[in-house]
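Just so it is clear: chains get the letters A, B, ... in the order the sequence lines come, proteins before strands, and each one is counted from 1.
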Protein chains: 4
Amino acid sequence: MTELPTKTEDKHKRILQAAIKVFAKNGFYNSKVSEIAQEAGVADGTIYLYFKNKDDILISLFEEEMEKIIQNMKQEIGKEEDLLKKLKMFAVVQLNSKKENPDLAAIMEVELRQSSKFMKEYVNMKFIEYLKIVSSIIKEGQKKGIIKKEVDPTIVSRAFWGALDEVARFWVLSPRKKVSLSTSAELISDIFIKGMVEAVNRKS
Amino acid sequence: MTELPTKTEDKHKRILQAAIKVFAKNGFYNSKVSEIAQEAGVADGTIYLYFKNKDDILISLFEEEMEKIIQNMKQEIGKEEDLLKKLKMFAVVQLNSKKENPDLAAIMEVELRQSSKFMKEYVNMKFIEYLKIVSSIIKEGQKKGIIKKEVDPTIVSRAFWGALDEVARFWVLSPRKKVSLSTSAELISDIFIKGMVEAVNRKS
Amino acid sequence: MTELPTKTEDKHKRILQAAIKVFAKNGFYNSKVSEIAQEAGVADGTIYLYFKNKDDILISLFEEEMEKIIQNMKQEIGKEEDLLKKLKMFAVVQLNSKKENPDLAAIMEVELRQSSKFMKEYVNMKFIEYLKIVSSIIKEGQKKGIIKKEVDPTIVSRAFWGALDEVARFWVLSPRKKVSLSTSAELISDIFIKGMVEAVNRKS
Amino acid sequence: MTELPTKTEDKHKRILQAAIKVFAKNGFYNSKVSEIAQEAGVADGTIYLYFKNKDDILISLFEEEMEKIIQNMKQEIGKEEDLLKKLKMFAVVQLNSKKENPDLAAIMEVELRQSSKFMKEYVNMKFIEYLKIVSSIIKEGQKKGIIKKEVDPTIVSRAFWGALDEVARFWVLSPRKKVSLSTSAELISDIFIKGMVEAVNRKS
DNA sequence: CATGAATGAGTCTTCATTCAT
DNA sequence: TATGAATGAAGACTCATTCAT
């Protein structure tokens, strides 16, 4: 049903996959284009048929992967009806994606925060779109009277993401994973949910 | 009583201050040693009388600044008796430090997450020490029955820090600061506190 | 009677014409084979079906164009009987060719003087043939007692050509052409003619 | 009396001298910066302490050498009183400079005609200054009634220079120098002088 | 201690050329 | 023949580090 990837698409993908691996291992600045080429099984020059330059590899990587992540998240969240469960689901999916694609996660972690000119613009756009998934849940919760009005959705969506990101980072770094990722996801989302809900609701 | 800084100490400091400025502006890998030297008003070679190499500048920067940050935080927190207020204070101090020393904060943000070999070891040690300030508050809270036992202090201290760090990052990036840092600090800490406290306590 | 150009001849020509345009614009070393291909409307690889390599394009260009130029010059000169008028005609034709085919002229100007190994040999042969048109006129003039015997035909043919070439170059570069090319041609040839004729002749 | 060159001046000169040698041998585009460095006895990187980039070496070379050539020519010409002898002297000096500094001459020959953006501007300025030496002699000759008014000084100065340049080029290329440079100089200048002088003067 | 000129290893990038289709 | 994707050698340039002064 799905078309077979053409040779060209294939090579594009292969280079990007190689880049993810290499960037994750060495960081962007310590990665050599030639290493990516080798990892991808192409000649150095071939890279430049698919990407403008080294920077462009990183940018493309974000463009394409962030889009996938956002779409995937929206789909997973969509399955839930309950707003609070949506938040919990968000936490679970985000943490799991780290487990399933740790190389990509490692890159995002660092490069998202790099202040390099070129990143700032594009990445932020996509990142903001991602965060909007959370903030719109919160806003809806506020409309429905479930979540306190004093909560600033923008701030809290940032905080929620930051908390999850850091917990995931810790999990990846920890040699022995004492606490499971899903337990952590539940813990964090419970705290945020409980912290945000209307006190009145809870009395009943 | 405190000795006046010798010329040497002075130059060491000047280089470090210059490095903070330069690293914050360009990121570590796009910063040139010669630019740090110029900013510090010393010759390129002089840098190497005080630091082993470029990496060492960054490491020293962490060593010295993290220590200050930790000591400062401990002192500020110490003024508070109430455990929950301690947490709030933690948030306030962390966010304020971003405002007061944005260059240093910008560096920490990124470099803390760089996977460079040399960082991992040292930085993590200091960072863990910093996080322990939070986790020990939580542990004490649990001992006193204020905070739920199900909460894993290690995980939550990470999450708390991650949330604050991200909110601070957002604040720095936002052109017009709609929400004040202290409001954000309160918002985040309230959520975490409310989210962690024993339900029983709240009924009364 | 003349055969229509086959597809092959056509493509060969198109590539050469494209090369003239591209070399003239960028100079040989700053021209890319791919740009010539594009200009010619063929694939990069096609170039190599007609030419051994990039150098060979330039060489072929000289071979073919120089031959045309020489034949054309001989024909034009042949119309004149008077030796001195032949010289004047040479000047006119040479300068006009610059006007009519400035791209080719621009290439000749520079590449004729490039010391690249491969050029030296072939180009010089053709170039010498071209100069012989002038030197044989001079020799004949000397035989007939019109031109001074002290004049070295080889040297003067060079000088004559060099003078014309530089004047043409100036004309091309000048934004507003104050002096017409034909006036210049006359001026230069007059000087050379007057400068070379036997003084005795002029007394009568 | 003359100050000893400082180390820095020395290295600057050495690189330029090396560049003249290397450019003359291979042409600009076939010359490697590393070859210049080696020839100059410095490290590759050192080149970039004295010149912005490879282009800048060529530009500097023109700037400095053209200036010397112009000054030298003016001085030599200045020794002569007679206008026509000045022209002859110009020819002699120009041709001799080719003999004395053939490498530099070879570079000028080609690069002066290269259309590279950067050259056009600067070089032309200096080159025009050089040609003005000739054209002002001609103008003065016209004022004094020695040289025909119909002669366009700008055009003829170009032609004169072009003639000399080509003769010199021929001389350098010729394996056995049948005709001496000074003879050629005299021949060319005689032709131009005779070709430009007022006919009336010659009758007496 | 301080300097800053010099070093040269290291890398991105280009582009002529090839070759499977 | 024609294509154009792929190759990989080559070279300009940078910059951390050294060391003679």
Asks: Given that both distances must come in under 3.5 Å, which nucleotide forms a Watson-Crick or G-U wobble pair with F:dT21?
Replies: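 F:dT21 is paired, partner E:dA2.
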Asks: Apply side-chain contact (heavy atoms from CB on, under 4.5 Å) to the pair A:Tyr50 and A:Asp56, showing each step before the final yes or no.
Replies: CA-CA 9 Å; A:Tyr50 295 89; A:Asp56 189 42; over 6 Å; no
Asks: Grab the CZ-C1' distance between A:Phe51 and F:dA6 for me, whole Å please.
Replies: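 Atom-to-atom, A:Phe51 to F:dA6, this comes out as 15 Å.
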Asks: Hey, does the Lys NZ or Arg CZ of B:Lys54 hover above the aromatic six-ring of B:Phe28, less than 6.0 Å from the centre and inside 45° of the axis?
Replies: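 Judged by the rule, B:Lys54 and B:Phe28 form a cation-pi pair.
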Asks: Start at the 5' end of DNA chain F and walk down; is the nucleotide closest to A:Ile47 or to B:Tyr48 reached first?
Replies: A:Ile47
Asks: For C:Lys54 and A:Ser34, find the nucleotide of DNA chain E closest to each by heavy atoms; which residue's nucleotide sits nearer the 5' end?
Replies: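 Looking at the nearest nucleotide for each, A:Ser34 comes out on the 5' side.
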Asks: Considering only side-chain heavy atoms of D:Val42, which listed nucleotide, E:dT7, F:dT3, E:dT18, is closest?
Replies: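 Taking heavy atoms from C-beta onward, the closest nucleotide is E:dT7.
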Asks: Taking the basic N atoms (NZ, or NE/NH1/NH2) and the acidic carboxylate oxygens, is any pair closer than 4.0 Å for C:Arg14 and C:Asp10?
Replies: yes
Asks: Would you kindly give the CD1-to-P distance between D:Ile36 and F:dA12, to the nearest whole Å?
Replies: 8 Å
Asks: Output the rounded distance in Å from CG (B:Asp55) to P (F:dC15).
Replies: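 After rounding, the gap between these two atoms is 16 Å.
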Asks: Please test D:Ile59 against D:Phe51 for side-chain contact (heavy atoms from CB on, under 4.5 Å), starting from the C-alpha separation and ending with a verdict.
Replies: CA-CA 10 Å; D:Ile59 295 176; D:Phe51 301 93; over 6 Å; no
Asks: Among the nucleotides F:dA6, E:dG4, E:dC1, which one has an atom lying closest to any side-chain atom of B:Tyr50?
Replies: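 Given the options F:dA6, E:dG4, E:dC1, the side chain of B:Tyr50 is closest to E:dC1.
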Asks: Measure the distance from CG on A:Asp44 to P on E:dA16 and round it to the nearest whole Å.
Replies: 18 Å
Asks: Distance check: side-chain N/O of D:Lys11 vs OP1/OP2 of E:dA6, anything under 4.0 Å?
Replies: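 Yes, D:Lys11 has a side-chain N/O under 4.0 Å of OP1/OP2 on E:dA6.
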Asks: Measure CG/B:Asn26 against P/F:dT14 and give the value in whole Å, please.
Replies: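 Roughly 16 Å, once rounded to whole Å.
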Asks: Of the nucleotides F:dA6, E:dT3, F:dA12, which has the atom closest to the D:Val33 side chain?
Replies: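 Selected nucleotide: F:dA12.
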Asks: Of the listed nucleotides (E:dT17, F:dT3, E:dT13), which one gets closest to any side-chain atom of C:Thr46?
Replies: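 Looking only at heavy atoms from C-beta outward on C:Thr46, the closest nucleotide is F:dT3.
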Asks: From C-beta outward on A:Ala43, which listed nucleotide comes closest to its side chain: F:dT14, F:dT7, E:dA16?
Replies: F:dT7
Asks: Could you tell me how far apart B:Tyr29 (OH) and E:dT11 (C1') are, to the nearest whole angstrom?
Replies: 15 Å
Asks: Distance check needed: E:dT17 P versus C:Leu49 CG, whole Å only.
Replies: 14 Å
Asks: Run the side-chain contact (heavy atoms from CB on, under 4.5 Å) check on B:Glu111 and B:Phe23 step by step: do they pass?
Replies: CA-CA 10 Å; B:Glu111 308 307 340; B:Phe23 288 162; 5.9 Å; no
Asks: Nearest to the side chain of A:Lys32, which nucleotide is it out of E:dC12, F:dT3, F:dA6?
Replies: E:dC12
Asks: Which whole-number value in Å describes the distance from D:Asn53 CG to E:dT13 P?
Replies: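 Taking CG of D:Asn53 and P of E:dT13, I get 18 Å after rounding.
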